[in-house]
Asks: 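Have a look at this one.
In this text the structure is predicted, and so the values were computed from the model without any measurement.
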Amino acid sequence: GYRVLVVDDNPTNLKLLLQVLEGQGHSVMVATSGQAALQIAQRARPDLVLLDVVMPELDGLEVCRRLKAEPETCGIPVIFLTARDQKEDVIEGFTAGGVDYVVKPFQEEEVLARVATHVQLRRLQAAVEAKNRELEREIAQHQALKGQLSLLSRREAERWGLQALVGQSPTMRSIY
């Protein structure tokens with residue numbers, strides 16, 4: 001299962017999402033305010049955040065912006081939950097760093113499918129990033145070895161007086 005942080009100031013929505021997600025074997029953390037969500041996300045590092053847009057004090061858009069501004073939480077996918085589905089609201093959500101939008105009232109299957117999709121995408125992205133870092137290290141090691149071999153080749157050519165020889169034919173290469 002995934003570790004999902006659900007943020008909503010409506011207890012009915014929280015209860016429903018808790019039942020749906022836990023029913024599928026996911027571990028669910030709950031926050032009823034934006035400030036609590038930021039603290040939980042920083043401490044628990046969930047796989048995904050389901051975030052209500054309209055909340056008192058700190059709205060979901062600002063919570064998302066703050067999550068994306070911190071190195072520890074910037075990679076956590078955020079799916080917005082909202083009763084508003086105006087085009088401008090959706091665009092603002094994506095601009096804030098959200099990866100998806102679920103409009104209330106929502107279908108359980110839709111929420112589960114979107115959660116699974118975005119957690120899997122994030123895990124694949126993390127695996128690709130790790131592989132890229134590994135490849136970059138290997139390339140750096142290869143370049144360092146290549147430089148060492150080139151230096152040794154020049155030293156050997158000088159030692160044997162081969163640096164004055166010119167030619168790239170197969171015969172010349174075998175002589176070198």
Asks: Among Asp8, Leu14, Asn10, exactly one meets side chain to side chain contact (heavy atoms under 4.5 Å, CB included) together with Thr32. Which residue is that?
Replies: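 The option that passes is Leu14.
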Asks: Side chains of Thr117 and Leu121: does their closest heavy-atom pair fall under 4.5 Å?
Replies: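 Thr117 vs Leu121: side chains touch.
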Asks: If the threshold is 4.0 Å, N to carboxylate O, is there a salt bridge linking Glu136 and Arg133?
Replies: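 Looking at Glu136 and Arg133, the cut-off is not met.
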Asks: Within this structure, what is the CG-CZ distance for the pair Leu50 and Phe106, rounded to the nearest 0.5 Å?
Replies: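 With rounding to 0.5 Å, CG (Leu50) is 8.0 Å from CZ (Phe106).
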Asks: Please say yes or no: joined through hydrophobic side-chain contacts below 4.5 Å, possibly via intermediate residues, are Val119 and Leu17 part of one cluster?
Replies: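 Yes, it is one cluster - the side chains of Val119 and Leu17 are joined through contacts under 4.5 Å.
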Asks: Between NE2 of His118 and OH of Tyr2, what distance do you get to the nearest 0.5 Å?
Replies: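 Those atoms lie 12.0 Å apart.
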Asks: How many angstroms lie between CZ in Arg122 and CD in Glu129, if you round to the nearest 0.5 Å?
Replies: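 Interatomic distance, Arg122 CZ to Glu129 CD, rounded to 0.5 Å: 5.0 Å.
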Asks: Indicate if Leu81 and Val90 have the same hydrophobic cluster label, given that clusters are the connected sets of ILVMFWY residues with side-chain heavy-atom separations under 4.5 angstrom.
Replies: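 The answer is no; the residues belong to distinct hydrophobic clusters.
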Asks: Which heavy atom in Pro46 sits nearest to a heavy atom in Val49, and how many Å separate them?
Replies: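 So the two residues come closest at CG-CG2, 4.1 Å.
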Asks: Check whether any side-chain heavy atom of His142 lies under 4.5 Å from a side-chain heavy atom of Leu145, and answer yes or no.
Replies: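 A side-chain contact under 4.5 Å is absent here.
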Asks: Among the clusters formed by ILVMFWY side chains lying less than 4.5 Å apart, do Val53 and Phe94 turn up in the same one?
Replies: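 Shared cluster, yes.
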Asks: Do the side chain of Asp47 and the main chain of Arg3 share a donor and acceptor less than 3.5 angstrom apart?
Replies: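 Confirmed, Asp47 side chain pairs with Arg3 backbone.
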Asks: Heavy-atom distance under 4.5 Å between the side chains of Glu57 and Ser33, does that happen here?
Replies: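 No, side chains not in contact.
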Asks: State, to 0.1 Å, how close Thr82 and Tyr101 come at their nearest heavy-atom pair, and which atoms those are.
Replies: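 For Thr82 and Tyr101, the tightest heavy-atom pair comes out as CG2-CE2, 2.9 Å.
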Asks: Less than 3.5 Å apart, any donor N or O on the side chain of Arg123 or Gln120 sitting next to an acceptor on the other?
Replies: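 No donor-acceptor contact under 3.5 Å links the two side chains.
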Asks: I want to check something: taking the side chain as every heavy atom from C-beta on, are Leu18 and Val6 in contact at a cut-off of under 4.5 Å?
Replies: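 A side-chain contact is absent here, since even the closest heavy-atom pair is not under 4.5 Å.
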Asks: Would you kindly confirm whether Val103 and Leu112 end up in one hydrophobic cluster when ILVMFWY residues are joined by side chain heavy atoms under 4.5 Å apart?
Replies: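 Different clusters.
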Asks: What distance do Leu48 atom CG and Arg114 atom CZ have between them, rounded to the nearest 0.5 Å?
Replies: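 The CZ atom of Arg114 is 12.0 Å from CG of Leu48, to the nearest 0.5 Å.
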Asks: For residues Ile40 and Val7, determine if any side-chain heavy atom of one lies less than 4.5 Å from a side-chain heavy atom of the other.
Replies: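 No, side chains not in contact.
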Asks: So if you build clusters from Ile, Leu, Val, Met, Phe, Trp, Tyr with side-chain heavy-atom gaps below 4.5 Å, do Ile79 and Leu16 land together?
Replies: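 Linked within one cluster.
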Asks: More than 12 heavy atoms of other residues, nucleotides or ligands under 6.0 Å from NZ of Lys104: yes or no?
Replies: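 Count over threshold, so yes.
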Asks: Considering only distance and modelled atom types, tabulate donor-acceptor pairs under 3.5 Å from the side chains of residues 58-78, sequence neighbours left out.
Replies:
{"unit_1": "Asp59", "atom_1": "OD1", "unit_2": "Leu61", "atom_2": "N", "d": "3.3"}
{"unit_1": "Asp59", "atom_1": "OD1", "unit_2": "Glu62", "atom_2": "N", "d": "2.8"}
{"unit_1": "Glu62", "atom_1": "OE1", "unit_2": "Arg65", "atom_2": "NH1", "d": "3.3"}
{"unit_1": "Glu62", "atom_1": "OE2", "unit_2": "Arg66", "atom_2": "NE", "d": "3.0"}
{"unit_1": "Lys68", "atom_1": "NZ", "unit_2": "Cys74", "atom_2": "O", "d": "3.1"}
{"unit_1": "Lys68", "atom_1": "NZ", "unit_2": "Ile76", "atom_2": "O", "d": "2.6"}
{"unit_1": "Thr73", "atom_1": "OG1", "unit_2": "Leu67", "atom_2": "O", "d": "2.7"}

Asks: Please tell me if the side chains of Val115 and Val4 come closer than 4.5 Å, counting only heavy atoms from C-beta onward.
Replies: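 Yes, at least one pair of side-chain atoms sits under 4.5 Å.
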Asks: If you apply the rule salt bridge (charged side-chain N to carboxylate O under 4.0 Å, His left out), what do you find for Lys131 with Glu134, and how did you get there?
Replies: CA-CA 5 Å; Lys131 189 65 172 174; Glu134 180 184 326; 3.5 Å; yes
Asks: Does CD in Gln42 sit with more than 12 non-hydrogen atoms of other residues, nucleotides or ligands closer than 6.0 Å?
Replies: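 Yes, enclosed.
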